[in-house]
Amino acid sequence: MDAELNEFQLQAVKSIEGAVLIIAGAGSGKTRVITYRIAHMLEKGIPQHAILALTFTNKAAREMQVRVKELTGKKLQSLTVSTFHAFGLSVLRDHIENAAVSQGENLATEQSVFSGYRKNFSIYDETDRVELIKESLRECRMASHKVDLYALGQLFSNIKTGRASWDGADIDGVSRNGEFEPVYNAYQEGLRVYNAVDFDDLLTLPLELLKENPDILKQYRSRFRYIMVDEFQDTSFLQYRLMRVLALGEDVPFSPEKKIRKKKAPDNANDAVTLPPGGIDAANVCVVGDDDQSIYSWRGANYENLLLFEKDFPGALEIKLEQNYRSTSTILEAANGVISHNANRKEKSLWSGNSGGKPVELFYPENESAEADFIASQIRHLRIMESFKNRDFGVLTRTNSLTRNIEEAFLAADIPYKISGGTSFFQRKEIKDIISYLKVIANPDDDVSLLRIINTPRRGIGKTSITALSTLARKNHSSLWDAVCRHCRSADAGQQHLFQDSKDSGDLDTFMNLIEFFRSEIIGRKSNPGQPWSLAGKVRALIDNIDYWSFLIVEHGKDEKKARWKFSNLEYFIRMIENWEKDPDNHDSGLYAWINRISLITRDDGEEDSDDKANIMTIHASKGLEFPVVFIAGAEKGIIPHERSLTENGDEAGTLEEERRLFYVAITRARKKLYITSCRNRRRLQSAVECAPSPFLEEIPPHLIEVHEPEPETEVDAETASKFMERLRARFKVE
DNA sequence: GCCCCCGCCACGCGT
DNA sequence: TGGCGGGGGC
């Protein structure tokens, strides 16, 4: 091991006791250090279950797990490597039922954070949250108030996590003070009634739980004696507090603003304290980060956590990893040239032992399809001339929408690829519909999901029925499902109906029976004779039963191709379930586990990495990864830095710096060769718009750049031309 | 009362 | 491109 690490890396790997702060520049072998460090711990006899490694993204968590597995060759049964959110979820899952029980026994204790929650709770993503906010607005009779619902959701999130208060709360710069406080309260109430949590709850509830229950906290603290946090610069204050409470057994008793604005980190941070910080009882904590790669402030990342850490863990060992092993010196110089324009950063000197390297290639394609074609043709060229594999290529974009053209070009050029990050797959209507069925089957009180499917496919339960049901539900302070059940029962008993027309009652009855049937099939694990039970099989049966295929055909009337495409997405979805069920590392099968999982993952998590495929992703998603050849596409003004981020955020200078860090992250993903493309024109809002290059391009020292000349127009022969016309006609259905 | 069709709008990152 | 809300037809 010693031979494979430099002096500082080795120190980081071997310092497993006490508190350690590792400042790891881009490409400085951070992942290597973390994996070796875990391996070293295991070698020293520290049991797997005592180690908790927290990361920011699922991708990073998976990567870390795989690397440790490879390095140690051990089965990792009780090593915890997960995202903060997934960890929070597991804490909740492990304790919600116990809490419900003990609360029943001991009502004298204060209302627990869990009151009302059952183990089958749903997790609401942003879309679900918006639906619930809509409903809450209606409930408060404020539906007519003009607000951007996503911005309101953002405000609610800030309120919940303590990043904002009602006093002076604003939405897009317009002051709203306490205007939406009742809506927020209704929203919170809704979550309780529907047995649902949002993403913020996955952090706030576990924190509350640990604070309220010293016994539970003690259990966790005596288990997790070694805590590691990756991408520390991107952790939020809430995540920091969660880590801190696990490490020190106490929460931060003040708000971050007060703490940071009024006090500076002590100058004597490195003075004498030799005891483990926080007393003998403190866990061993290691955080790893790089302030230059902080790109998630919009999600609450609080990179001043670095200062908090220095204060809360006085005497922490600070190690800087400054040697870059990843990139050629050309690429590194380009990156340093860009990032040096940021005023607000820790000074560091990242250097590379690699010499030279090819220049950064800059290309100004005419439009986005020329850009995509250029990338595709370069890849084909490099595969042959320099024998790169598909997997060696990474195409990075600022936004998800920019990946589309690239994808098309890759399809046309027959380059296998995969797109990662982005929530798009699970947000597709057909996927979300089926997931909603599953969520309702798991947790019928989940109104948001229930409303999505109660009339999808059409089953004659329209607006009027739903209004009647929700009135009934509100009267009883219950969920819609509860109202459905009450209604059906009283209808059976011949008592008064909600509806004049008994046909509607029949429709409701059928729907209720459908859900109950699949509930017993799936939760009760009923298998058909001779066939083993499988979730995938049941999901397929469900899709057949509701005749979703016919629904798609009807929905897309003329467009059968689209219907087929959507159905193939569902097939893919079912295959995902199958693969997950087959996965030997997965020891928690069943519906709840599956739903929890997919609520937290993005498209390609869990997809096989072994295939040789080119990678297309956003810059955000690329953090922590590296590729021999990187293309940064759409390096235009307005895209990076992103126009909306500049105009909408109050703190313009800070935002610009974050966008610059984003560009820096993109550059530093490249090992050998970097291409940057900036279109002269781009289709936006249905018309072509002239584009200027990103201002960040000027920050790359010019001597590192080589401008790629456009390919000469190729002569088109008659045959190619007619084939092209044919395709055009087919595409636009010209007579 | 339900559903279909059309026109309108938006298109920043992701747990 | 695609999701949605409103208005009119059934």
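Below, chains carry the letters A, B, ... as their sequence lines are ordered, and counting in each starts from 1.
- The listed nucleotides are B:dC13, B:dG12, C:dG5; the one nearest the side chain of A:His642 is B:dG12.
- Among the atoms of the strands shown, base atoms are found under 4.0 Å from some heavy atom of A:Glu126.
- Within the structure, a side-chain polar atom (N or O) of A:Thr618 is placed less than 4.0 Å from OP1 or OP2 of B:dG14.
- Defined by atom type and a distance below 3.5 Å, a donor-acceptor pair is present between the side-chain atoms of A:Ser297 and A:Glu658.
- Distance from the side chain of A:Arg458 is smallest for B:dC4 among the nucleotides B:dT15, B:dC4, B:dG12.
- Regarding contacts with the backbone of B:dT15, every side-chain N or O of A:Arg299 stays at 4.0 angstrom or more from both OP1 and OP2.
- The aromatic rings of A:Phe224 and A:Tyr220 lie parallel to each other, with less than 30° between the two planes, well short of the 60° mark.
- Using the six-membered ring where Trp is involved, A:Phe237 and A:Tyr240 have ring planes that are parallel, under 30° apart on the 30 and 60° scheme.
- Rounding to whole angstrom units, CG of residue A:Leu402 and P of B:dC13 are separated by 9 Å.
- At C:dG3, none of the side-chain N or O atoms of A:Arg428 fall inside 4.0 Å of OP1 or OP2 (strictly under the cut-off).
- Atom OH in A:Tyr150 sits about 12 Å away from atom P in B:dG12, given to the nearest Å.
- For the pair A:Phe551 CZ and B:dC3 P, the interatomic distance rounds to 11 Å; values are reported in whole Å.
- Remark: C1' of C:dG5 and CZ of A:Arg138 are 12 Å apart, rounded to the nearest angstrom.
- In this pair, A:Phe663 and A:Phe696 present their aromatic rings tilted. The plane angle is within the 30 to 60° band.
- Applying the 4.0 Å criterion to OP1 and OP2 of B:dC2, one finds that A:Ser465 has a side-chain N or O inside that range.
- The interatomic distance linking A:Phe56 (CZ) with B:dG14 (C1') rounds to 8 Å, in whole Å.
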**Message:** Quick one, A:Tyr187 with A:Phe156, criterion ring-ring contact (aromatic ring centres under 6.0 Å, His included). Give me CA distance, side-chain angles, the key distance, then yes/no.
**Reply:** CA-CA 9 Å; A:Tyr187 169 80; A:Phe156 283 10; 5.5 Å; yes

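- Of the candidates B:dT15, B:dG14, B:dC2, the closest approach to any side-chain atom of A:Phe199 belongs to B:dT15.
- To the nearest angstrom, C1' of B:dA10 lies 16 Å from CD of A:Gln427.
- For A:Lys429, the listed nucleotide lying nearest its side chain is C:dG3; candidates were B:dT15, C:dG3, C:dG5.
- Protein atom CG of A:Asn400 is 15 Å distant from nucleotide atom C1' of C:dG2, rounded to whole Å.
- Closest approach to the A:Lys566 side chain among B:dT15, C:dG3, B:dC13 is made by C:dG3 (side chain taken as heavy atoms from C-beta onward).
- In this structure, A:Asn455 places its CG atom 8 Å from C1' of B:dC2, rounding to the nearest Å.
- Using a 30° and 60° split on the angle between ring planes, A:Trp594 and A:Trp580 fall in the tilted class, from 30° to 60°.
- Stacking between A:Trp298 and the base of B:dC13 is present: ring centres sit under 5.5 Å apart and the planes differ by under 30 degrees.
- The listed nucleotides are B:dC3, B:dA10, C:dT1; the one nearest the side chain of A:Arg404 is C:dT1.
- Among the nucleotides B:dC13, C:dG3, B:dC2, the one closest to any side-chain atom of A:Arg398 is B:dC13.
- Of the candidate nucleotides B:dC3, B:dG14, B:dC13, B:dC13 has the atom lying nearest to any side-chain atom of A:Thr399.
- Nearest-nucleotide positions on DNA chain B place A:Glu659 closer to the 5' end than the other of A:Glu659 and A:Asp200.
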